[in-house]
Amino acid sequence: MSAGRNSPDSPSGPVSGPDAIPAWPEDIEGAKAVQLALRGRVRISPLRTRIEYVAGVDAAFHGDRVIAAACLYEFPSLVHVGDACAVAGVRFPYVPGFLSFREGPAMIEAINRLGRKPDVILFDGQGIAHPKGFGIASHVGVVLDMPTVGCAKSRLVGEYSPPGPGKGEFSYLVYRGRTVGAVLRTRENVSPVFVSPGNRIDLKGAVDLVLKCTVRYRIPEPLRCADHLAGKVKRTLCGSS
DNA sequence: GCGACAG
DNA sequence: ATCTTGTCGC
């Protein structure tokens, strides 16, 4: 039985040659090589298509396993229309700057299991606001060749001044002289989130999307849903292992 | 060498 | 991320 076309271990496209996407590495050195080889494929440009479906993905851990969850929403109505999960063995430790190598494979599997392909995907982490301009949203976005957005709860790199207190107010996140993201207030008087484009979208579009997906809480709905689903599946696994 | 450091 | 009850506040 061969692996599916978009399974985490066999990305779409050629497996060798100039467009080859490296297999997932098992150590930091290999991961650095992958980031170096793929960072140039990140495209920061306005979203081309109209958004009809948005997905949010997140992960939970249980012992040596990763539980990835993906939640699909109709946009801009934010009607929840589907879920998908994937459980895999942890192959990489958590090292700041290399989060995608730990959670990425399972997330890609979950995304591929959604009943419909979303127009853009939200991630709990950074997009290009990363030491190598290749955070988890950018990495998965390049592997799947899809529009992605990073929406982290805290900062990894960059400097910024506190945004205004009102919902929708933001300040720019600057790293090495480059504007790589926005520090956005999604609710009044709550700590801001760090938004950065992942792939095939620009900062303006990323901020706009996060705001439109945030109704009542600090975290956008698709991400909250994925967080809850991953936790629910985790509890299920606990009761049977 | 020291401090910072997504989840 | 994860270990974890009650509690203060809108």
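Every chain is numbered from 1, with letters handed out A, B, ... down the list of sequences.
- For DNA chain B, if you chain together Watson-Crick or G-U pairs that step i with j, i+1 with j-1 and so on, you find no run of at least three with distances under 3.5 Å.
- The interatomic distance linking Arg235(A) (CZ) with dT4(C) (P) rounds to 15 Å, in whole Å.
- Scanning for ring-ring contact (aromatic ring centres under 6.0 Å, His included) contacts around Phe61(A) gives an empty result, with sequence neighbours left out.
- If you measure from atom NE2 of His130(A) to atom C1' of dA6(B), you get 8 Å, rounded to the nearest angstrom.
- We find that CG of Leu223(A) is positioned 13 Å from C1' of dA6(B), with the value rounded to whole Å.
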Original post:
Once each nucleotide of nucleotides 5-10 of chain C is scored for protein heavy atoms under 4.0 Å, what B/S/- sequence comes out, 5' to 3'?
Top reply: ------
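- Summarising the geometry, the separation between CD on Gln126(A) and P on dA6(B) is reported as 8 Å, rounded to the nearest angstrom.
- A search for ring-ring contact (aromatic ring centres under 6.0 Å, His included) contacts involving Tyr53(A) returns nothing, not counting sequence neighbours.
- The shortest distance between the side-chain N/O atoms of Ser154(A) and the OP1/OP2 oxygens of dC5(B) is not below 4.0 Å.
- Within residues 155-167 of chain A, the residues that have a heavy atom under 4.0 Å from DNA chain B are, in order of number, Arg155(A), Leu156(A).
- Side-chain rings of Phe92(A) and Tyr94(A) stay apart, their centers remaining 6.0 Å or farther from each other.
- Atom C1' of nucleotide dC5(B) and atom OH of Tyr94(A) are separated by 6 Å, given to the nearest angstrom.
- In this structure, Arg91(A) is not positioned above the aromatic face of Phe101(A) in the sense of NZ or CZ being under 6.0 Å from the six-membered ring centre and within 45° of the axis.
- Between Ile44(A) atom CD1 and Asn199(A) atom CG the span is 6.5 Å, to the nearest 0.5 Å.
- As judged by a 4.0 angstrom heavy-atom cut-off over every strand, Gly150(A) is placed among residues making no nucleic acid contact.
- Inter-residue side-chain proximity for Pro197(A) and Ile128(A) is flagged as met; some heavy-atom pair is nearer than 4.5 Å.
- To the nearest 0.5 Å, atoms CG (Leu36(A)) and NZ (Lys32(A)) are separated by 11.0 Å.
- His130(A) pairs by the ring-ring contact (aromatic ring centres under 6.0 Å, His included) definition with nothing, not counting sequence neighbours.
- Looking at residues two or more places apart in sequence or on another chain, you find no salt bridge (Lys or Arg N to Asp or Glu O under 4.0 Å) involving Arg185(A).
- Helical stems involving DNA chain C, defined as 3 or more consecutive Watson-Crick or G-U pairs under 3.5 Å, do not occur.
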Expected rows: protein N/O vs nucleotides 1-3 of chain C N/O, under 3.5 Å:
residue : atom : partner   : partner atom : Å
dA1(C)  : OP2  : Lys153(A) : NZ           : 3.4
dT2(C)  : OP1  : Phe61(A)  : N            : 3.2
dT2(C)  : OP1  : Lys234(A) : NZ           : 3.2

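- Atom OH in Tyr175(A) sits roughly 11 Å away from atom C1' in dA4(B) (whole-Å rounding).
- Within the structure, salt bridge (Lys or Arg N to Asp or Glu O under 4.0 Å) contacts touching residues 147-161 of chain A (residues at least two apart or in different chains) are Asp124(A)-Lys153(A).
- Salt-bridge check for Asp145(A) with Arg200(A): passed, with a basic side-chain N closer than 4.0 Å to an acidic carboxylate O.
- In this view, Pro165(A) and Glu169(A), Asn189(A) satisfy the side-chain contact (heavy atoms from CB on, under 4.5 Å) rule, not counting sequence neighbours.
- In this structure, CE of Met107(A) is placed 11 Å from P of dG7(B), rounded to the nearest angstrom.
- We find the CD1-CG distance between Ile121(A) and Leu144(A) to be 6.0 Å, quoted to the nearest 0.5 Å.
- Within the 4.0 angstrom heavy-atom criterion, base atoms lie near Phe98(A).
- The minimum heavy-atom distance linking Ala59(A) with Val66(A) is given by the pair CB-CG1, 4.2 Å.
- Applying the ring-ring contact (aromatic ring centres under 6.0 Å, His included) criterion to Phe98(A), with sequence neighbours excluded, gives no partner residue.
- Around atom NZ of Lys167(A), more than 12 heavy atoms belonging to other residues, nucleotides or ligands sit under 6.0 Å away.
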